[in-house]
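Structure first, commentary second.
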Amino acid sequence: MLIYHFFKDLINIRINYDIGKKTWFGTGGKAKILLVINNLKSLQFILKILPKSHPIFLIGAGSNVIVRDGGINGITIKLGKEFKKINYTKEKKIINIGSATRDLDISKFCYENSIGNFEFLRGIPGTLGGNIVMNAGCFGSSISDKLISCTIINRNGHIKKLPKESLKFDYRFSSIPKDSIVIEAEFKAITKNKTIIKQKLKKINNERTSNQPVNFRTGGSTFKNTSDESAWKLIDKINFRGKIIGGAKVSELHTNFLINNGNANSLDLELLGEEIRTKIKKKYNINLDWELKRVGQFKKI
Ligand SMILES: Cc1cc2nc3c(=O)[nH]c(=O)nc-3n(C[C@H](O)[C@H](O)[C@H](O)COP(=O)(O)OP(=O)(O)OC[C@H]3O[C@@H](n4cnc5c(N)ncnc54)[C@H](O)[C@@H]3O)c2cc1C
């Protein structure tokens, strides 16, 4: 009871929480147990006391996931309040960002403080933690470009600061250990003229609105580009622009974006994705890799 009172503002426990509906696709089942954890001490406590047999899934903004319709067993963790922070040490030109901080807030902060090279985050709807794990990027930049170090906590509750040199980053890939949670990261802050930053933000925003289905529920790019060809071109070549399965549809505007047409479930999205992969494999002998993370269980029927 004492422990409950101590942690009640720091850990919010939700049972059978409709997590799928909170993802960008807005599809999928419930999290059996969702813990919204508001500070590092509580996160460390939870990781230490939870039996290691309990699988943990960390959800950020849910902008790169399909939560399957049967939901997520085990423990889902979402980082709250104290993980949403940005500290800028101007003299050292270092910016420290908490992993639950939203990309839009990072790009705004950098603009306000004349820090360049973070403009690309203007169009990515994730959080810093998701960005690092996915090495998110666009318009020629990625989150690892100006990274100095990244702090993680592992499944045993041990905290470790990893310099960039000890990690591998590639196109939508990072070597962050699978069972670790990103807590925060440090970046080099490069001063840039505010007007130039503003122009770039505007350009990125315009390109997004004209080339991507921004008014639909989507998870962004479905597949990784191959080394030889963009995924969207391959999908176009098999004539899947606008293709529908159930409530899932290949966007007319950008063929590498799947959209929830209003009544999709996660199975529709995944079946449409697999249909694309099968067709492309058959016609071009190319394996398209999912960029979206698919988590949870299929619904039993
Ligand atoms: C409209 C739209 C446009 C997009 N455009 C781009 C783009 O241009 N470039 C691009 O790269 N991506 C893009 N994305 C995809 C997505 O926004 C990024 O991959 C983003 O980095 C995911 O962050 P998130 O917080 O939403 O992660 P989630 O989707 O919640 O999770 C993604 C993965 O990261 C893990 N994860 C999240 N946070 C942490 C953490 N703190 N510690 C450990 N693991 C964690 C999750 O467990 C999961 O495996 C787009 C998505 C949408 C919907």
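Note that the structure is predicted; figures quoted are calculated from it, not measured. For ligands, and for the atoms within them, numbers begin at 1 and follow the listed sequence.
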To which protein heavy atom is [atom] closest, and what is the distance rounded to 0.1 Å?
atom: atom 45 (C) of ligand 1; value: Val133 CG2, 3.7 Å
atom: atom 13 (C) of ligand 1; value: Ile124 CG2, 3.9 Å
atom: atom 29 (O) of ligand 1; value: Asn64 N, 2.8 Å
atom: atom 50 (C) of ligand 1; value: Pro125 CD, 3.7 Å
atom: atom 39 (C) of ligand 1; value: Leu58 CD1, 3.3 Å
atom: atom 5 (N) of ligand 1; value: Arg208 NH1, 3.2 Å
atom: atom 24 (P) of ligand 1; value: Ala61 N, 3.5 Å
atom: atom 26 (O) of ligand 1; value: Ser63 OG, 2.6 Å

If you draw a 6.0 Å radius around NZ in Lys21, do more than 12 non-hydrogen atoms from other residues or ligands fall strictly inside?
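Atom NZ in Lys21 is packed in, count exceeds 12.
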Nearest non-hydrogen contact with [atom] belongs to which option: [options]?
atom: atom 9 (N) of ligand 1; options: Gly60, Gly137, Cys138; result: Gly137
atom: atom 28 (P) of ligand 1; options: Ser180, Gly62, Gly130; result: Gly62
atom: atom 25 (O) of ligand 1; options: Thr127, Ile59, Val67; result: Thr127
atom: atom 41 (N) of ligand 1; options: Val182, Ile153, Ile183; result: Val182

Quick one: look at Phe120 and ligand 1, take heavy-atom pairs under 4.0 Å, and tell me if it's side chain, backbone, both or neither.
neither
Which segment of Arg217 sits under 4.0 Å of ligand 1 when only heavy atoms are counted
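The answer is neither; Arg217 stays 4.0 Å or more away.
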Within a distance under 4.0 Å of any heavy atom of [X], pick out the atoms of ligand 1 and give their elements.
X: Ile181; answer: 42 (N), 43 (C)
X: Ser99; answer: 41 (N)
X: Lys293; answer: 49 (O)
X: Met134; answer: 19 (O)
X: Val65; answer: 29 (O), 31 (O)
X: Gly219; answer: 51 (C), 52 (C), 53 (C)
X: Asn131; answer: 20 (C), 21 (O)

Could you go step by step and tell me if Thr226 and Leu288 meet the side chain to side chain contact (heavy atoms under 4.5 Å, CB included) rule?
CA-CA 7 Å; Thr226 72; Leu288 264 193; 4.0 Å; yes
Check this for me: does any side-chain nitrogen of one of [X] and [Y] sit under 4.0 Å from a carboxylate oxygen of the other?
X: Lys279; Y: Glu275; value: yes
X: Glu184; Y: Lys85; value: yes
X: Arg294; Y: Glu274; value: yes

For [X] versus [Y], what's the shortest heavy-atom pair and its separation?
X: Asn38; Y: Phe83; value: C-CE1, 3.8 Å
X: Pro213; Y: Thr218; value: O-CG2, 4.2 Å
X: Gly219; Y: Asn64; value: O-OD1, 3.8 Å

Would you say the side-chain atoms of [X] and [Y] include a donor-acceptor pair closer than 3.5 Å?
X: Asp103; Y: Asn131; result: yes
X: Thr191; Y: Ser114; result: no
X: Asp236; Y: Thr255; result: no

Would you call the rings of Phe118 and Phe187 parallel, tilted or perpendicular, taking 30° and 60° as the class edges?
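Because their plane-to-plane angle is over 60°, the rings of Phe118 and Phe187 count as perpendicular.
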Sub-6.0 Å ring centroid separation between Phe216 and Phe257
no
Are any of the N/O atoms on [X], whether in the backbone or the side chain, positioned under 3.5 angstrom from an N/O atom of ligand 1?
X: Asp103; result: no
X: Arg172; result: yes
X: Gly220; result: no

Joint cluster assignment, Trp24 & Leu58, ILVMFWY side-chain distance < 4.5 Å
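Different hydrophobic clusters.
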